[in-house]
Amino acid sequence: MQKKKKFEPFNLVLFGGTGDLAFRKIYPAFYHRILDNPSETEFSIFVIHRDVQEPGKFFDTLALGLKNAVGDRYSEKGFKRFTGHFELIQTPNASKEGYSQLANALNKKEDRQRIYYYSTPSSAFGVISETLKTCGLIKPSSKVVLEKPLGHNLESSVQTNKVVRNSFQEEQIYRIDHYLGKETVQNLMVLRFANSLFERAWNSENIDNVQITVSENLGVEKRAAYYDKSGALRDMVQNHLLQLLCLVAMEPPISLDVNNLRDEKLKVLRALRYFDHTTIQSNTVKGQYTRGKVHDVEVNSYLEDISRYDSSTETFVALKAFVDNWRWKDVPFYLRTGKRMAQRYSDIVINFKPVKHNIFGSTDDMPGNRLIMRLQPEERIELVQMTKIPGPGGYRYKPISLKLDYMDSFNERLPDAYERLIADVIRGNQTLFMRHDELTEAWRWTESVLKNWSDVNAQNVLYASGSWGPGSAIMDGNTTWVNDSSEQ
Ligand code: BG6
């Protein structure tokens, strides 16, 4: 069993530190950490902001964000201790003068590692990196964390990588995809590679199809401007869903050494089949939500949410993808994601093939086993297997779930994905972060969808908020979307 490495002293410099993500995810991650390990190490958080920021207003927002995110772990005492690590730094522009206050602050604590966290639009990554370099603020031990989305398409993503790599080495760059920090996602690797039972059956001989679903009941919230330019394909599929697909489909890496894992994921991305004019119509569906009710609350349509009535941005995508390699020949991977769905849940379902010959009667009512890895809201693993219904009267059977619920088995607070990933950055473990070539391949495949949608002028199918998405997304062999929802 691996031992946890302690944190070395560090300075975190957060660009975009007054943004929504910082308050919802990044600060709560540190708060939990301090609570769990009060005197682990010395650190400071430098919050970079452009406009004059009232410290009082900042700390009020911080307190509110923490209360929402950490619930009853919040206390005035904990908050006071936490804020003692903060320094607000105004950098009116990215220039030597603009960064002088930051430079002074960092130079006072010269011996600590520096972590630059870019929680800004990726269009700003280049200029921030260049300025840090010009000011001499990047040391060999410095690191940079890049938040998604990394570019808008293949070209801009290549460009973004290029400009950041002019200032940082690849070994210093941490491209975050928070889905890789989720507990069940990590457990997928343990499940596959620490249990011989599954890995032997993990191929097209035994698996009928794989379904990866991320269903959200939220709409676009306060992110209309960003989301309308992005859409569900870029926002969710290009990164989160493809990363999950990679972990399901990859070959066993030689070890968890950072590049071994990334090499295996890259091979999967390279093996993804591109779409063409025919498959884009038969194997993809895009949709947009209209008004409806989510958990009995009336909600607006997407167009009303963004106050723009001619938008064709998709808020739902379903795709049937194929990994063209030996292991996965002709096994469909159904990827689905949507906003304003009936429920918030995400899972990965491996549908095994039914038994070859049913000695109990017809094969129609003998579905194959299913392995379900539930990512949220609760984190659990289920194996659905056929079981005899007790009692006389012949062999009657039905599917029964063997469940491993994390909370029941481990009875510990499960750290949020951001907690784990930020800890990995501090410790210098890049395994769960994307390498530049993975990102490029993911964009290449995503562009085959975008380009073909545009060529065939694919239209959104409208779906009511609070439903399970466009009916046409219930594609071949799929039972998960409908049936699982009724089980929730
Ligand atoms: C983000 C997307 O990356 O992931 C959001 O930009 C989405 O649109 C979010 O809501 C979902 O994350 P989670 O962890 O809540 O499933």
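What you see is a predicted model, and the numbers here were worked out from it, not measured in a lab. Atoms within a ligand are numbered from 1 in the order they appear, just like the ligands themselves.
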Closest approach of any protein heavy atom to atom 12 (O) of ligand 1, naming residue and atom:
H178 NE2, 3.1 Å

NZ/NE/NH1/NH2 to OD/OE distance under 4.0 Å, R374 and E379
no

What do you reckon, are the aromatic ring centroids of F15 and Y117 less than 6.0 Å apart?
no

Answer yes or no: is there a side-chain heavy-atom contact under 4.5 Å between I381 and K403?
no

Per-atom contacts of ligand 1 with K148, taking only distances under 4.0 Å to non-hydrogen atoms:
1 (C), 2 (C), 3 (O), 6 (O)

Numbering as shown, the atoms of ligand 1 that approach K339 to under 4.0 Å (heavy-atom distance):
5 (C), 7 (C), 8 (O), 10 (O)

For D235, atoms of ligand 1 separated by under 4.0 Å from a heavy atom
2 (C), 5 (C), 6 (O), 8 (O)

Which residue and atom name correspond to the protein heavy atom nearest atom 3 (O) of ligand 1, and how close is it?
H240 NE2, 2.7 Å

Can you pull out the closest protein heavy atom to atom 15 (O) of ligand 1? Residue, atom name and distance to 0.1 Å, please.
R344 NH2, 3.5 Å

Charged N-O contact under 4.0 Å between K148 and D235
yes

Any atoms of ligand 1 less than 4.0 Å from a non-hydrogen atom of K182? List them with their elements.
13 (P), 14 (O), 16 (O)

Does ligand 1 have an atom under 4.0 Å from some heavy atom of Y179?
yes

Hey, does Y274 have a side-chain heavy atom less than 4.5 Å from the side chain of V449?
no

Can you check whether F275 and W453 have ring centres sitting under 6.0 Å from each other?
no

How close does the nearest protein non-hydrogen atom get to atom 9 (C) of ligand 1, and which residue and atom is it?
E216 OE1, 4.1 Å

Ring geometry between Y74 and Y31 (parallel below 30°, tilted from 30 to 60°, perpendicular above 60°)
parallel

